[in-house]
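Right, one structure below, let's go through it.
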Amino acid sequence: MLSQRAEKLFSSPTLAITAKVKQMRMQGIDVIGFGAGEPDFDTPHEIKEAAIIAIKQGQTKYTPTSGLPKLKEAICHKLKIDNNLDYIPEEIIVSCGAKHSLFNAILSICNKDDEVIIPAPYWVSYPEMVKLADAVPIFVYTSEENSFKLTPQELRKNITKKTKAIIINSPSNPTGALYKREELLDLTEIALENNIFIISDEIYEKLIYDDKKFTSIASLEKEIKYLTITINGLSKVYSMTGWRIGYTAASNHIIKAMSNIQDHSTSCPNSIAQHAAIAALEGGQECVESMRLEFDKRRKYMVERLNNIMGINCVVPYGAFYVFPNVLALFGSKYQNYHIYNANSLAEYLLEEAKVAVVPGEGFGSSQNIRLSYATSMENIINGLSRIEEALGKLIKI
Ligand code: PMP
Ligand code: GLU
């Protein structure tokens with residue numbers, strides 16, 4: 001018999017689709033993947049070199065649980081320069097990816113039956129992490145008309161005596177929504193009034209387009225900073241998904257609690273990856289800008305093409321590397337044995353008929369949308385969208 005905790009969990013649909021694409025390719029099937037939420041670029045050369053040097057120098061032992069002092073200093077420096085945030089190394093913990101940072105943060109603050117507000121659509125892992133902490137995810141649905149952003153009224157309506165925290169992810173996975181400074185201020189004032197934690201997942205901070213600006217929530221006001229747990233990591237910005245380095249900045253008592261959890265679960269993050277992370281943060285940042293520019297080109301192309309396909313309506317994303325088009329108009333159509341009635345059935349049709357992998361919106365809290373990642377080559381994007389267009393053109397309304 002499994003634990004109730006394990007039984008109530010769902011597997012990750014984003015990881016599942018990535019695995020499925022790999023498996024299909026191994027069988028020789030020519031499938032185009034818009035599923036994976038990871039940059040397609042190689043990790044920059046200097047970062048890889050730093051890891052090789054670390055191995056050669058024998059930096060292959062346990063480090064302090066919360067991370068190498070030099071890495072924590074580099075993170076403090078980054079937070080100051082990029083985000084105007086003053087943190088000291090005792091207020092930083094490095095974990096095995098931002099996913100691990102989020103998990104430990106939630107575990108550190110939530111008791112059984114505490115409520116955690118999650119604006120929907122949300123990244124697939126938030127609800128499951130909250131459930132693992134025996135707390136309760138409270139979904140607050142945002143609208144496409146409001147570019148998938150939570151309004152202060154919606155937040156206020158959902159706060160109860162049990163509310164412990166709210167998770168804000170700007171720019172958002174899966175919608176690409178980016179909150180303006182004033183919008184964040186309105187939301188965080190409510191959190192302050194009600195003394196609830198704000199978990200700010202800032203992992204896509206550097207992937208922002210057009211003339212939009214990023215605001216780090218903890219930089220808004222001093223009081224807000226004390227309630228904010230800032231999560232970030234190197235996976236997306238430096239194309240380092242496999243290295244597993246994420247970090248948290250928060251008040252020392254929270255960091256201490258997270259460190260205790262880490263002491264008894266994973267110990268320190270990988271020592272070699274930590275040395276590579278120092279090189280990433282302290283080295284030249286040109287690689288970040290060149291990846292961002294490339295993502296931007298792909299984003300523009302993808303949004304325009306998708307909006308020209310009948311039955312698809314795509315809100316313009318201002319951050320991250322995903323589009324989250326609405327596909328409701330396609331429901332109630334069919335081709336041969338395929339019946340399209342929700343995002344799942346559409347994703348299945350696209351995978352089998354067009355050999356294109358997308359992630360159905362259900363796992364993100366919306367059955368009317370599908371997620372496509374543009375973290376893949378322009379060639380794949382052009383071909384993949386043509387395949388989608390062709391497959392959707394075969395559907396007949398029933
Ligand atoms: N937050 C969001 C919103 C993400 O999309 C991801 C990507 N997996 C993460 C956190 C975690 O990233 P990682 O664990 O690779 O640092
Ligand atoms: N965050 C990425 C995604 O949403 C990577 C997969 C995962 O960790 O869920 O696709």
Side-chain angles (χ1 to χ4, degrees), residues 9-22 33-41 43 67 71 75 93-106 118-130 132 148 166-179 199-208 214 217 229-249 262 266 269-270 273-274 276-277 280-281 295 317 319-324 347 357-366 369-376:
L9 276 194
F10 293 110
S11 61
S12 165
T14 49
L15 295 178
I17 195 86
T18 312
K20 172 107 195 187
V21 168
K22 284 192 180 141
F34 292 136
E38 65 177 345
D40 52 316
F41 308 108
T43 303
L71 176 54
I75 291 168
I93 181 167
V94 185
S95 307
C96 309
K99 192 180 266 185
H100 187 217
S101 310
L102 283 157
F103 180 70
N104 285 353
I106 291 168
I118 304 179
Y122 44 77
W123 177 46
V124 292
S125 290
Y126 297 145
E128 306 311 298
M129 289 181 186
V130 169
L132 278 170
F148 293 112
I166 171 170
I167 303 180
I168 299 183
N169 175 217
S170 172
S172 149
N173 175 5
T175 65
L178 176 71
Y179 287 79
I199 299 176
S200 180
D201 181 350
E202 305 188 354
I203 190 124
Y204 295 102
E205 161 203 21
K206 297 274 169 107
L207 299 176
I208 290 188
F214 172 77
I217 291 181
I229 303 174
T230 303
I231 309 284
N232 210 326
L234 281 80
S235 286
K236 315 288 170 171
V237 192
Y238 300 102
S239 201
M240 289 178 72
T241 44
W243 299 72
R244 313 307 302 130
I245 297 289
Y247 58 89
T248 308
Q262 218 156 277
T266 54
N270 177 293
Q274 288 191 65
L281 292 169
F295 282 135
F321 41 59
Y322 308 102
V323 291
F324 200 57
V358 303
V359 192
E362 279 85 352
F364 304 96
S366 169
N369 298 75
I370 53 174
R371 190 190 79 174
L372 287 81
S373 157
Y374 46 89
T376 185

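Source: prediction; values computed, not measured. Just follow the structure's listing: the first ligand is 1, and inside any ligand the first atom is 1.
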Problem set entry | Working for ring pair (Phe, Tyr, Trp, His ring centres under 6.0 Å), residues Tyr204 and Phe321 | CA-CA 8 Å; Tyr204 295 102; Phe321 41 59; 5.4 Å; yes

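Contact atoms of ligand 1 toward Tyr126: 3 (C) (distance under 4.0 Å to a heavy atom of the residue).
Gln262 and Ser95 share a side-chain donor-acceptor pair at under 3.5 Å.
Contact of the Asn369 side chain with the Phe148 side chain is registered, since non-hydrogen atoms from C-beta on lie closer than 4.5 Å. Side-chain contact between Ile17 and Phe34 is absent, with no heavy atoms from C-beta onward closer than 4.5 Å. Pro127 places a side-chain heavy atom less than 4.5 Å from the side chain of Tyr122.
Regarding atom 1 (N) of ligand 2, its nearest protein heavy-atom neighbour is Lys236 NZ, 3.3 Å. Given atom 12 (O) of ligand 1, the protein heavy atom at minimum distance is Ile203 CD1, 3.7 Å. With hydrogens left out, the protein atom closest to atom 16 (O) of ligand 1 is Ala98 N, 2.7 Å, a heavy atom. Of all protein heavy atoms, the one lying nearest to atom 1 (N) of ligand 1 is Asp201 OD2, 2.6 Å.
Neither the backbone nor the side chain of His100 comes within 4.0 Å of ligand 1, counting heavy atoms alone. At a 4.0 Å heavy-atom cut-off, ligand 1 touches Ser235 through the side chain alone. Of the heavy atoms in Tyr247, none comes closer than 4.0 Å to ligand 1. Counting heavy atoms closer than 4.0 Å to ligand 2, residue Thr18 contributes nothing at all. Residue-level proximity to ligand 1 for Lys236 is carried by the side chain, the only part with a heavy atom below 4.0 angstrom.
Residue contacts with ligand 2 leave out Ser125, since none of its heavy atoms falls under 4.0 Å from the ligand. No heavy atom of Glu38 sits closer than 4.0 Å to any atom of ligand 2.
Between the CD1 atom in Ile167 and the CE atom in Met129 there is a gap of 8.0 Å [rounded to 0.5 Å].
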